Every structure is written in C-alpha cells, then in structure tokens.
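Read the structure below first, then the notes.
We count ligands from 1, going down the list as the structure has it; atoms in each ligand are counted the same way. Source: prediction; values computed, not measured.
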Amino acid sequence: MTLHRVESRPQAGQRDHARIVHAVGARPNFVKMAPVIQAMESLAGVRQLVVHTGQHYDDRLSAEVLADLELPAPDAFLGVGSGTHGEQTAKALAAFERVILDFDPDLVVVGGDVNSTLACALAAAKVHVPVAHVEAGLRSGDWSMPEEINRVLTDRLSQLLFTHSPEAAEHLAREGIPSERVFYVGNTMIDSLRRYEGEARRRAVWNRLGLEERSYVLVTLHRPSNVDLESRLDAIAERLARLAQRAPVVFPIHPRTRRRLEAIDRLGQLEDAGVRCTDPCGYLDFLSLESAAGAILTDSGGIQEEASALGVPCFTFRPSTERPVTISHGSNVLLGDDPSVIDEVKLGRRPPTPSAIPLWDGHAGDRIADVIASTLGIESGASVDAAVAASQHC
Ligand code: UD1
C-alpha cells in the first residue's frame, strides 16, 4: 500500500524518522487510541505527537481517563470545547490544521466517530497528509446520528482503514473504497479492556457502593436522541425509577444528561427512587462497574463492545447498532428506543462468559502499528505478515 502525497512534501524515507500525529478529542477516543500510540512507541524511527482537540475537557471525561490509560499529557491541547456541531467541528478543523502545517507529519491517525475525528481527518486530507482511521467501516444506517455522518466522511477521507469486524469491510466495499486500503486488525478498545481488566476488578467499585456482584444494573445514557428532548427524557427517567424498584441501578451521568435532567427537575426524583446517580467515572472505575454488573442498559457504542468482551448482558436502548457483531457473537440485545422497553432489562446472575469475537484479542494496536510501519517503510519488531494476513480475512 503506497500513500499518496503531493510532490512538494518530503516523503517519510527522505527524513531520518517518520512523523505521526494521533488526534484525540473525546473520552472514547482515548480508550481506542491508547493501544495504537503505545504500540507505535516501540518503533524505532518514529516521532509521534498526540494532539487533544479539547472536545471533552472535564477531568472526569478527559484527564482522569488519560491517566487511567497511562497516556502522558497530550503534546498539544487545542481547547475546542463545546458548541454546536458546526462550531465544534470548525474550531477543531482550524486549530488542527495549524498543528499539521507546523509539524508536517507523514500520517495522521484518527479513531472512532466523534466530531473531532472528522474535523482532524478533514484538516489533514485538505493539506494532503494521509489519514489512517481506527475503527473504520461501522455503519448504523441512521443518518440522523452525528456519528454516522462522521464515520462515512472520515472513511472517505482515509487512506488506511483499520476495521474490527468483517461486516465493516463489506460496508467500505459497497461505498467504493478500494480493498487494498482496508485492514482487518481487531478491536483496540478491547486491547485496553484486556490490559486493565484485572486492575479494574481489584478496585471492586461495586463494594464502595455497598453492592454485590451481578446484583445491579449499570446505566449510561448520553445520545442527543435520548436526552435532548424533554418529554422523551421524562419518560425514560420514569422507567429508570421503575427499574430501580426491581434491582439497584447505578447511573454515572454524562454532563449533557445531568444538565437536561436538572432542567426538567428529574434528577432529585431519580435519586429519591433509589437510582444511584453519580458523576461520570474514570476508565478504571467504570470498567470495574461494568465487569461486575448483572446487566448494562446503554445507548453508547463502545459499551456494547466492552459488555460483550466481558460477557455481561447488555441492553442497547437504540433503534439500531453499528456494531452487529456484538449481537451475533456477543452479549448485546438491541432493545429499540421506546422508553417502555426499559422494563425488559433483566439481571443475568450467572457468571458471565466472555464472547470470543475474532481478533478481539488484545493485540489490535500491535497489528495497526505493523501496518503503519510497513506502509511508511519503518522497521517494525513484530510480524507485518500477521496484520496483512488478517486483512485477507475480510
Ligand atoms: C461525544 C460524541 C459521542 C460520544 C460521546 C462520549 C460527537 C458528535 N459525539 O458526545 O459520539 O459517544 O462524546 O462521551 O462527537 N460537556 C461537558 N464537559 C465535557 C464535554 C462535554 O460538560 O468535558 C457537555 C457540554 O454541555 C456539551 C455536551 O456535554 O455541550 C455534549 O458534549 P459533546 O462533546 O458535544 O458531545 P457528547 O455528548 O459528549
């Protein structure tokens, strides 16, 4: 695979090192990108820069998660912050372009599907720097999700596309993306999970809440489609209060959701109904709670994957999922999005059986590093053949 660059720019081979920029911005990016950044650290002849757009800026969503993942402070923080989709994307685009022009990388690596992902991929492509996309090819088919727009456009802008499940390659092929750009490498989010699972379990955060393993439902809700409409959030809160009558409910609340619940005067009522409303947790604490939950109710993407890797029953409160492999091979059930379906959430009291999803084995970051090294002509300690062979699975 050869990357396309404009003639006026030096090629990686003409420098004594290759320059790589990793762009991160929001909580799930850190979890997905840490294994890639760490795997690339072991490569000789690479200078890498980690750039944090600042889309997430609260300590609980950012600094604490970075520290849990043993990532050093980012080399640059762009301070983009919150705003409308257009504002947030535009600010990240402009600020990230300045970083690229300054650092002149040979490759920009982006992950996932948040606004920062698209903004940084677009900035790089516009100044002719090749883009690699970690977690390429996921599709929900729901164009009303901001993440779906981000996924499709980021994939279109990318020259290296790293996928975590076979159906991703099918989506990319259908959209006309040449197969030689696509590498089936597995799931970097599960690399992080496997690395920290033991430590997270030793934290036993459920004990601090006075709960027993498998006795509680862990809830996360933050999608605009669930929390931004008052009447809908009100109906959801009512069902959560009912759920708390059947089992303890632990609800680490995203800032967006907290603000909306407060605005409709529902937060206090949820607490009165016994729902344990907490601040968002850091990565290790949240993984700890996930690992011992009897069930998880969520509208997140990544949590469907983590729950499946842990084998914990997951109820996804959405009409669609871009991660069907978690249903066919994992522990995920797609509930739909009518608030009444929350009544269907049930505890699984038996010890969970982690799902064996191909290539979700803790080594996806190494495979990505191998492909990047071979593409940029850098020496890599590990076997490039493994990743290339993996790409032929799709
Ligand atoms: C973003 C991603 C979503 C991802 C989620 C994980 C997009 C379009 N969405 O959603 O895909 O699942 O991150 O959490 O990129 N806020 C704070 N502090 C922060 C960050 C946000 O208070 O550190 C509040 C602000 O009011 C902000 C709101 O949360 O307006 C939403 O933040 P934003 O980054 O726009 O999207 P998320 O809902 O976090």
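- Side chain of Arg223 to backbone of Ser225: no donor-acceptor contact under 3.5 angstrom is found.
- Only the side chain of Leu61 comes within 4.0 Å of ligand 1, counting heavy atoms alone; its backbone N, CA, C and O stay farther away.
- Of all heavy-atom pairs spanning Ala39 and Gly365, the tightest one is CB-O, 3.5 Å.
- Counting protein heavy atoms only, atom 17 (C) of ligand 1 is closest to Tyr57 OH, 3.3 Å.
- There is a side-chain donor-acceptor pair under 3.5 Å between Ser116 and Thr53.
- Closest of all the heavy-atom pairs between His222 and Val227 is O-CG2, 3.8 Å.
- The residue among Arg256, Arg60, Arg259 with a heavy atom at the shortest distance from atom 31 (C) of ligand 1 is Arg256.
- If you check which protein heavy atom lies closest to atom 5 (C) of ligand 1, you get His222 NE2, 3.6 Å.
- By the 3.5 Å distance cut-off applied to N or O atoms, Asn150 is not counted among the residues near ligand 1.
- Proximity of Pro28 to ligand 1, defined as any heavy-atom pair under 4.0 Å, is confined to the side chain (atoms from C-beta onward).
- At the top of the distance list for atom 2 (C) of ligand 1, counting protein heavy atoms only, stands Val114 CG1, 3.6 Å.
- Against a heavy-atom cut-off of under 4.0 Å, His254 is close to the following atoms of ligand 1: 14 (O), 29 (O), 37 (P), 38 (O), 39 (O).
- Considering each of His85, Glu87, Gln55, Arg260, the one bringing a non-hydrogen atom nearest atom 34 (O) of ligand 1 is Gln55.
- In this structure, His52 has its ring center under 6.0 Å from that of Phe30.
- Between the side chain of His171 and the backbone N or O of Gly137, at least one donor-acceptor pair lies under 3.5 Å.
- For atom 8 (C) of ligand 1, the nearest protein heavy atom (residue, atom name, distance) is Asn115 OD1, 3.3 Å.
- The protein heavy atom nearest to atom 25 (C) of ligand 1 is Ser82 OG, 3.3 Å.
- Although no hydrogens or angles enter the test, the distance criterion places no donor-acceptor pair under 3.5 Å between the side chain of Gln304 and the main chain of Glu322.
- In terms of polar-atom proximity, His56 is counted as a contact of ligand 1, with an N or O under 3.5 Å from an N or O of the ligand.
- A 6.0 Å sphere centred on CD of Glu271 holds more than 12 heavy atoms belonging to other residues, nucleotides or ligands.
- Ligand 1 has no atom lying under 4.0 Å from any heavy atom of Ser300.
- Comment: Asp285 engages Arg208 in a salt bridge, judged by a side-chain N to carboxylate O separation of less than 4.0 angstrom.
- Counting only heavy atoms of the protein, atom 9 (N) of ligand 1 lies nearest to Glu147 OE2, 3.5 Å.
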